[in-house]
Amino acid sequence: MFLYKKEQDMENTAGFLVSMLVYYPEVGGISYDSKKDAIQLRFIIFAPEIRQDAMLSQALSTWLTLRKVATELLDIKVSTGQNYCLLQVNRDAKSFSWGELQFLVELLHQTFPNQLRAPQAVPEEGALFHEMMDYSWQQNKSRKPRGQIIAYREKGQVMLFNC
């Protein structure tokens, strides 16, 4: 079966987003918006309130500066629920990298020990796996699928929608 180029691009991007959710159970949801060329990561933190969003933004901004990454979009927002907070990280897809996701997850673990939602641990795959995922993301960035892809985790399964 042959796919049109835009269908292949959508499939590649969807595959990458699912890989992020599978490898990093801390990521509660992720979406890609082709109109804005932006990624939104969502994390659930089991705390009635958090006030570290400015510190997290500064830490991520510093990490990007040290790696000489020019960003067009870096925005962190917090929404509160009854006994949890939803942390949303909005990033431009052009400068986003797999290494940045690794840094962000580790930063959240250090900032919110035992409060970050992580259903199960995924075994460490090593540097080769991370390089492969970063390469895959770099390839996907050059192909811009149309529409929006949303992926999230529900009851231990990864759900994927093409809007």
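Since the structure is predicted, the reported quantities are computational estimates derived from the model, not experimental observations.
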Novice: Does Leu86 belong to the same Ile/Leu/Val/Met/Phe/Trp/Tyr cluster as Tyr24, with side-chain heavy atoms less than 4.5 Å apart forming each link?
Specialist: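 In one cluster with Leu86: Tyr24, no.
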
Novice: If two hydrophobic side chains count as joined below 4.5 Å and joins carry through other members, does Tyr84 share a cluster with Phe43?
Specialist: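 Each belongs to a different hydrophobic cluster.
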
Novice: After noting the C-alpha distance and the side-chain angles of Val89 and Leu60, does the key distance pass the side-chain contact (heavy atoms from CB on, under 4.5 Å) rule?
Specialist: CA-CA 10 Å; Val89 179; Leu60 188 54; 4.3 Å; yes

Novice: Which pairs with one or both residues in residues 55-68 pass salt bridge (charged side-chain N to carboxylate O under 4.0 Å, His left out), sequence neighbours excluded?
Specialist: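 The answer is none; no pair qualifies.
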
Novice: What heavy-atom pair brings Ile76 and Leu56 nearest, and what distance separates the two atoms?
Specialist: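 Minimum heavy-atom separation between Ile76 and Leu56: CD1-C, 3.8 Å.
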
Novice: Of Thr111, Leu87, Ile45, Leu108, which meets side chain to side chain contact (heavy atoms under 4.5 Å, CB included) against Gln52?
Specialist: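 Single side chain to side chain contact (heavy atoms under 4.5 Å, CB included) partner of Gln52 among Thr111, Leu87, Ile45, Leu108: Thr111.
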
Novice: Enter the distance from His109:NE2 to Leu116:CG here, rounded to the nearest 0.5 Å.
Specialist: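 Here the interatomic distance stands at 5.0 Å.
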
Novice: Is a donor on one side and an acceptor on the other found under 3.5 Å between the side chain of Ser97 and the backbone of Glu100?
Specialist: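 Yes.
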
Novice: Examine distances only and state if a side-chain atom of Ser61 and a backbone atom of Ser57 form a donor-acceptor pair shorter than 3.5 Å.
Specialist: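 Between the backbone of Ser57 and the side chain of Ser61 there is no qualifying donor-acceptor contact (under 3.5 Å).
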
Novice: Ignoring hydrogens, what is the shortest heavy-atom contact between Arg117 and Gly28? Give both atom names and the distance.
Specialist: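 Between these two residues, the closest heavy atoms are NH1-CA, 4.1 Å.
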
Novice: If you compare all heavy atoms of Leu41 against all heavy atoms of Ile30, which two are closest, and at what distance to 0.1 Å?
Specialist: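 Leu41 and Ile30 have their closest heavy atoms at CD2-CD1, 3.3 Å.
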
Novice: Closest heavy-atom contact between Val78 and Cys85?
Specialist: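 Heavy atoms of Val78 and Cys85 come nearest at CG1-CB, 4.1 Å.
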
Novice: Out of curiosity, Gln88 CD to Lys77 NZ, how far, rounded to the nearest 0.5 Å?
Specialist: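 Atom-to-atom, Gln88:CD and Lys77:NZ are 7.0 Å apart.
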
Novice: Please lay out, stage by stage, how Glu72 and Lys94 fare under the test side-chain contact (heavy atoms from CB on, under 4.5 Å).
Specialist: CA-CA 8 Å; Glu72 294 175 14; Lys94 277 189 250 177; 2.9 Å; yes

Novice: Taking all atoms of both residues into account, what is the closest heavy-atom pair of Leu73 and Arg91, and its distance?
Specialist: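 Heavy-atom minimum between the residues: O-NH1, 2.8 Å.
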
Novice: Starting from the C-alpha separation in whole Å, work towards a yes-or-no answer on side-chain contact (heavy atoms from CB on, under 4.5 Å) for Phe46 and Asn114.
Specialist: CA-CA 8 Å; Phe46 292 109; Asn114 303 318; over 6 Å; no

Novice: Check the pair Ser95 / Leu64 against side-chain contact (heavy atoms from CB on, under 4.5 Å), numbers first and verdict last.
Specialist: CA-CA 9 Å; Ser95 65; Leu64 291 165; 5.9 Å; no

Novice: Using a strict threshold of under 4.0 Å (side-chain N to carboxylate O), is an ion pair present between Arg51 and Asp53?
Specialist: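 Not counted as a salt bridge, because no side-chain N and carboxylate O are separated by less than 4.0 Å.
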
Novice: Let me confirm one number: the OG1-CD distance from Thr65 to Gln58, rounded to the nearest 0.5 Å.
Specialist: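 So the OG1 of Thr65 and the CD of Gln58 are separated by 8.0 Å.
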
Novice: Do Glu106 and Gln102 have side-chain N/O donor and acceptor atoms under 3.5 Å apart?
Specialist: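 Side chains of Glu106 and Gln102: no pair found under 3.5 Å.
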
Novice: Angle class for the Trp63/Phe103 ring planes (parallel below 30°, perpendicular above 60°, tilted otherwise)?
Specialist: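 Plane angle under 30°, so parallel.
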
Novice: Minimum heavy-atom separation for Ile39 and Ala93, please, with both atom names.
Specialist: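 Heavy atoms only, the tightest pair is CG1-CB, 4.3 Å.
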
Novice: Hey, are the side chains of Asp92 and Thr71 touching, using non-hydrogen atoms and a 4.5 Å cut-off?
Specialist: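 Yes, their side chains come closer than 4.5 Å.
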
